[in-house]
Amino acid sequence: MKEEQLKQLNKIRSMTEEVHQFKYEYWTTFSNFGAWQFWLDILLLIVPLIVLFILIDKNKMLLLGFFGLNYHVWLSYATSIAVSLGLWEYPYQIAPFLPGVSFSASLIPVCFILLYQWTLIHKKNIFLYAVILSAIIAFVLEPIMVKIHLLHLFKGVNYVHLFLLLVALFIVSKLITNLFLWLQEKETK
């Protein structure tokens with residue numbers, strides 16, 4: 001490894017540690033157990049998981065769980081990238097190193113899992129209803145989040161962008177799920 005490369009890596013690591021320390025200090029000062037937004041974040045993490053546990057079709061749990069985990073992973077990647085690029089931020093967090101975890105790990109994926117289950121039971125077009133759910137999240141839930149300062153948007157990001165992101169992540173997750181279903185079906189024949 002060249003000296004200049006090593007110097008750059010050391011600088012990046014040092015700055016990353018400094019940013020993490022600053023995030024921790026911010027969290028302990030403003031986004032801690034004393035903030036009502038912290039407790040709302042906790043509820044938005046736990047309540048959807050409890051609802052999912054109660055309502056999930058146990059016969060389709062593996063399919064629904066695979067789809068939901070897939071959606072969660074893509075949403076977490078998108079959230080991590082957006083936060084690191086300064087496109088949006090979560091002023092209140094459960095932990096300083098988990099931005100938006102209540103939304104990306106619980107609330108939004110659980111909504112899509114329950115939607116998937118509902119469309120399977122009622123034989124409805126999941127793509128149509130996923131667009132509707134994405135619109136509700138992007139144009140109703142996220143403006144509320146902005147209003148109560150659980151989410152801040154920057155650099156021209158707006159609710160249409162969030163809507164398109166939610167739809168795109170749904171399509172990717174559903175296509176991956178369909179691919180695995182097809183591979184499983186092909187293997188069992």
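When reading the values below, keep in mind they use all heavy atoms of this one structure, side chains included, and skip hydrogens, waters and symmetry mates.
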Main chain of L75, side chain of T79: is a donor-acceptor contact present, judged purely on distance under 3.5 Å?
yes
dist L43:CG -> F38:CZ (nearest 0.5 Å) comes out at 10.5 Å
Can you tell me how far the OG1 atom of T119 sits from the CG atom of L128, to the nearest 0.5 Å?
10.5 Å
With sequence neighbours left out, write down each residue that passes ring-ring contact (aromatic ring centres under 6.0 Å, His included) with F154, or none if nothing qualifies.
none
Connected hydrophobic set around Y26, excluding itself, where side chains approach under 4.5 Å:
F30
Can you list everything that forms a ring-ring contact (aromatic ring centres under 6.0 Å, His included) with Y24? Sequence neighbours excluded, please.
none
According to side chain to side chain donor-acceptor pair (under 3.5 Å), who are the partners of S134, at least two apart in sequence or on a separate chain?
none
W36 vs I148, test: side chain to side chain contact (heavy atoms under 4.5 Å, CB included). Steps then yes/no.
CA-CA 11 Å; W36 66 267; I148 62 174; 4.1 Å; yes
If the condition is salt bridge (charged side-chain N to carboxylate O under 4.0 Å, His left out), which residues does E185 pass it with, not counting sequence neighbours?
K189
By the rule that ILVMFWY residues connect when side-chain heavy atoms come within less than 4.5 angstrom, directly or transitively, which residues belong alongside M1?
L6, L9
Can you tell if the side chain of L151 reaches within under 4.5 Å of the side chain of F103, non-hydrogen atoms only?
no
Any chance the side chains of E25 and Q21 put a donor and an acceptor closer than 3.5 Å?
yes
Show me the donor-acceptor pairs, under 3.5 Å and distance only, between side chains in residues 45-61 and residues at least two apart or in other chains.
residue: D57; atom: OD1; partner: N59; partner atom: N; Å: 2.9
residue: K58; atom: NZ; partner: F53; partner atom: O; Å: 2.9
residue: K58; atom: NZ; partner: I56; partner atom: O; Å: 3.4

Just checking, is any N or O donor in the side chain of H20 or T16 under 3.5 Å from an acceptor N or O on the other one?
no
Do M145 and E142 come close enough that some side-chain heavy atom pair is under 4.5 Å?
yes
Under 4.5 Å between side-chain heavy atoms, counting indirect links through other Ile/Leu/Val/Met/Phe/Trp/Tyr residues: same cluster for I81 and L98 or not?
yes
What distance do I144 atom CD1 and I137 atom CD1 have between them, rounded to the nearest 0.5 Å?
12.0 Å
Out of curiosity, does W182 fall in the hydrophobic cluster containing F66 (side-chain heavy atoms, cut-off under 4.5 Å, transitive links)?
no
Quick check, are the ring centers of F112 and F67 under 6.0 angstrom apart?
no
Output side-chain donor-acceptor pairs under 3.5 Å for residues 164-180, partner residues at least two apart or in another chain, one line each.
residue: S173; atom: OG; partner: Y71; partner atom: N; Å: 3.4
residue: S173; atom: OG; partner: L169; partner atom: O; Å: 2.8
residue: K174; atom: NZ; partner: Y116; partner atom: OH; Å: 3.3
residue: K174; atom: NZ; partner: N178; partner atom: OD1; Å: 2.5
residue: T177; atom: OG1; partner: S173; partner atom: O; Å: 2.8

So CG of L44 and CH2 of W39: to nearest 0.5 Å the spacing works out to 13.5 Å
Value rounded to 0.5 Å, distance of CG in L115 from CD1 in I136
9.5 Å
List the atom pairs, with distances to 0.1 Å, where a side-chain N or O of residues 87-95 and a protein N or O form a donor-acceptor pair under 3.5 Å, not counting sequence neighbours.
residue: W88; atom: NE1; partner: Y90; partner atom: OH; Å: 3.4
residue: E89; atom: OE2; partner: H152; partner atom: ND1; Å: 2.9
residue: Q93; atom: NE2; partner: Y90; partner atom: O; Å: 2.9

Check whether L153 and V160 end up in the same hydrophobic cluster, where Ile, Leu, Val, Met, Phe, Trp and Tyr are linked by side-chain heavy atoms less than 4.5 Å apart.
yes
From L62 CG over to Q184 CD, what is the distance, rounded to the nearest 0.5 angstrom?
8.0 Å
Please name all residues satisfying side chain to side chain contact (heavy atoms under 4.5 Å, CB included) with E3, sequence neighbours left out, ordered by chain then number.
none
Using modelled atom types and a 3.5 Å cut-off, is there a donor and acceptor pairing between side-chain atoms of S76 and backbone atoms of H72?
yes
Partners passing ring-ring contact (aromatic ring centres under 6.0 Å, His included) against Y159 (at least two apart in sequence or in another chain):
none
Other hydrophobic cluster members with F22, side-chain heavy atoms of Ile/Leu/Val/Met/Phe/Trp/Tyr under 4.5 Å, chained?
none
